[in-house]
Amino acid sequence: MGTHERFMSVAIEEARRALALGEVPIGAVLVMGDRVVARGCNEPISTTDPTAHAEMQVLRAGARATGNYRLSDAVVYVTVEPCVMCVGALIHARVRAVVYGTVEPKTGALVSTVQALELPGVNHQFEVHDGVCADQCRELIQTFFQQRRQHVDVTGT
């Protein structure tokens with residue numbers, strides 16, 4: 001198992017934790033060197049915080065752990081392509097790289113709906129690596145939404 005796969009497996013664990021909380025199953029880890037500095041998952045429902053996406057959770061925890069809001073040596077692993085809010089925060093944190101598992105065709109902001117790193121005024125670029133453990137990441141998110149749709153169809157709610 002390569003480095004990217006090893007750290008993505010931790011992000012997948014976090015996505016499963018989000019699922020157990022009743023959240024959209026997205027997980028993330030912030031890595032510096034060869035060490036996980038922060039772990040997090042989607043928690044906007046349970047925290048009543050629309051900004052509590054997995055990426056935001058690890059940026060906050062990583063900044064606290066390092067004592068610095070600039071995380072220029074950090075690599076963020078996330079199971080699903082980040083949204084525009086999260087890409088903005090990753091830019092402001094000055095992360096070195098983002099590694100994600102699967103694309104998010106409706107709200108992804110690296111390659112899917114917006115190429116946020118190409119927007120005018122972006123003052124920091126980070127490396128992007130995609131498709132790491134893509135099948136596992138995609139299956140988690142697709143299964144969640146399939147089950148949710150089935151629940152709505154059966155209950156009408």
Side-chain angles (χ1 to χ4, degrees), residues 3-134 136-138 140-141 144-145 148:
T3 300
H4 286 329
E5 291 79 12
R6 182 167 51 100
F7 289 124
M8 187 61 77
S9 70
V10 180
I12 291 168
E13 288 173 20
E14 287 296 311
R16 289 188 179 116
R17 189 168 68 86
L19 185 61
L21 294 171
E23 302 276 0
V24 176
I26 299 174
V29 293
L30 186 139
V31 175
M32 296 177 95
D34 199 28
R35 184 173 71 90
V36 173
V37 173
R39 306 167 65 122
C41 67
N42 265 14
E43 296 184 85
I45 298 166
S46 56
T47 62
T48 320
D49 178 357
T51 69
H53 290 192
E55 302 92 326
M56 302 295 281
Q57 301 291 64
V58 297
L59 289 175
R60 289 176 183 132
R64 281 191 302 271
T66 62
N68 193 342
Y69 73 104
R70 296 287 196 221
L71 300 166
S72 58
D73 293 329
V75 177
V76 173
Y77 291 81
V78 60
T79 56
V80 175
E81 178 186 4
C83 72
V84 70
M85 172 185 70
C86 292
V87 172
L90 292 159
I91 290 167
H92 286 295
R94 305 291 195 268
V95 299
R96 183 170 53 82
V98 172
V99 180
Y100 68 90
T102 190
V103 295
E104 194 348 292
K106 293 183 179 180
T107 62
L110 290 173
V111 298
S112 294
T113 61
V114 175
Q115 290 76 47
L117 293 176
E118 297 174 20
L119 292 171
V122 170
N123 61 351
H124 173 73
Q125 297 289 314
F126 51 77
E127 297 171 32
V128 176
H129 305 275
D130 63 350
V132 176
C133 302
Q136 288 177 276
C137 295
R138 186 174 30 260
L140 257 175
I141 199 90
F144 171 80
F145 283 112
R148 194 169 185 162

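On a predicted model such as this, the values are computed, not experimentally measured, just so you know.
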TODO: Would you give the length of the straight line joining atom CD of Gln57 to atom CZ of Arg39, rounded to the nearest 0.5 angstrom?
DONE: 13.5 Å
TODO: Mark yes when over 12 heavy atoms from residues, nucleotides or ligands other than His129 sit less than 6.0 Å from its NE2; otherwise mark no.
DONE: yes
TODO: Could you go through the side chain to side chain contact (heavy atoms under 4.5 Å, CB included) check for Thr113 and Val84 one step at a time?
DONE: CA-CA 9 Å; Thr113 61; Val84 70; over 6 Å; no
Open item on the list: Would the distance check show the side chain of Asp130 and the main-chain N or O of Tyr100 forming a donor-acceptor pair, the cut-off being under 3.5 Å?
Closed with: no
TODO: Grab the two heavy atoms, one from Val58 and one from Ala28, that are nearest each other, plus how far apart they are.
DONE: CG1-O, 3.3 Å
Task: Rounded distance (nearest 0.5 Å) linking atom CZ of Arg6 with atom SG of Cys133 - done: 12.0 Å
Open item on the list: With heavy-atom distances below 4.5 Å as the criterion, would you say the side chains of Leu117 and Ile91 are in contact?
Closed with: yes
- [ ] Work out which heavy atom in Asn123 is nearest to a heavy atom in Arg94; give both atom names and the distance.
- [x] ND2-NH2, 3.3 Å
- [ ] Report the distance from atom CG of Leu30 to atom CG of Asp73, rounding to the nearest 0.5 Å.
- [x] 10.5 Å
Task: Nearest heavy atoms of Leu21 and Glu43, plus distance in Å - done: CD1-OE1, 4.0 Å
Task: Rounded distance [0.5 Å steps], OG1 in Thr51 versus CZ in Arg60 - done: 4.0 Å
TODO: Taking the side chain as every heavy atom from C-beta outward, state whether Pro25 and Ile141 have any atom pair closer than 4.5 Å.
DONE: yes
Open item on the list: Are Pro44 and Glu23 packed together at the side-chain level, in the sense that at least one heavy-atom pair is separated by less than 4.5 angstrom?
Closed with: yes
Task: Phe7 side chain reached by Val76 side chain, heavy atoms, under 4.5 Å - done: no
- [ ] For residues Cys86 and Met56, report the shortest heavy-atom separation together with the two atoms involved.
- [x] SG-CG, 3.9 Å
TODO: Look at Arg16 together with Glu13 and state whether they make a salt bridge at an N to O cut-off of under 4.0 Å.
DONE: no
Task: For Val99, the option from Val75, Val29, Val31 that meets side chain to side chain contact (heavy atoms under 4.5 Å, CB included) - done: Val75
Open item on the list: Going by side-chain contact (heavy atoms from CB on, under 4.5 Å), name the residues that satisfy it together with Arg138, two or more places apart in sequence or in a different chain.
Closed with: Thr102, Ala134, Asp135, Gln142
Task: Residue pair Val78 / Glu55: nearest heavy atoms and the distance that separates them - done: CG2-OE2, 3.6 Å
- [ ] List the steps, then state whether side chain to side chain contact (heavy atoms under 4.5 Å, CB included) holds for Phe126 with Leu90.
- [x] CA-CA 9 Å; Phe126 51 77; Leu90 292 159; 3.8 Å; yes
- [ ] Could you tell me whether the side chain of Glu81 and the main chain of Ser112 form a donor-acceptor pair under 3.5 Å?
- [x] yes
Task: Residues Ile26, His53; criterion side chain to side chain contact (heavy atoms under 4.5 Å, CB included); working and verdict - done: CA-CA 8 Å; Ile26 299 174; His53 290 192; over 6 Å; no
Task: Tyr77 vs Thr3 side-chain heavy atoms within contact, under 4.5 Å - done: yes
Task: Nearest heavy-atom neighbours spanning Gly40 and Ala54 - done: O-CB, 4.0 Å
Task: Met8 vs Cys137 side-chain heavy atoms within contact, under 4.5 Å - done: yes
Task: Close side-chain approach of Leu140 and Thr79, heavy atoms under 4.5 Å - done: no
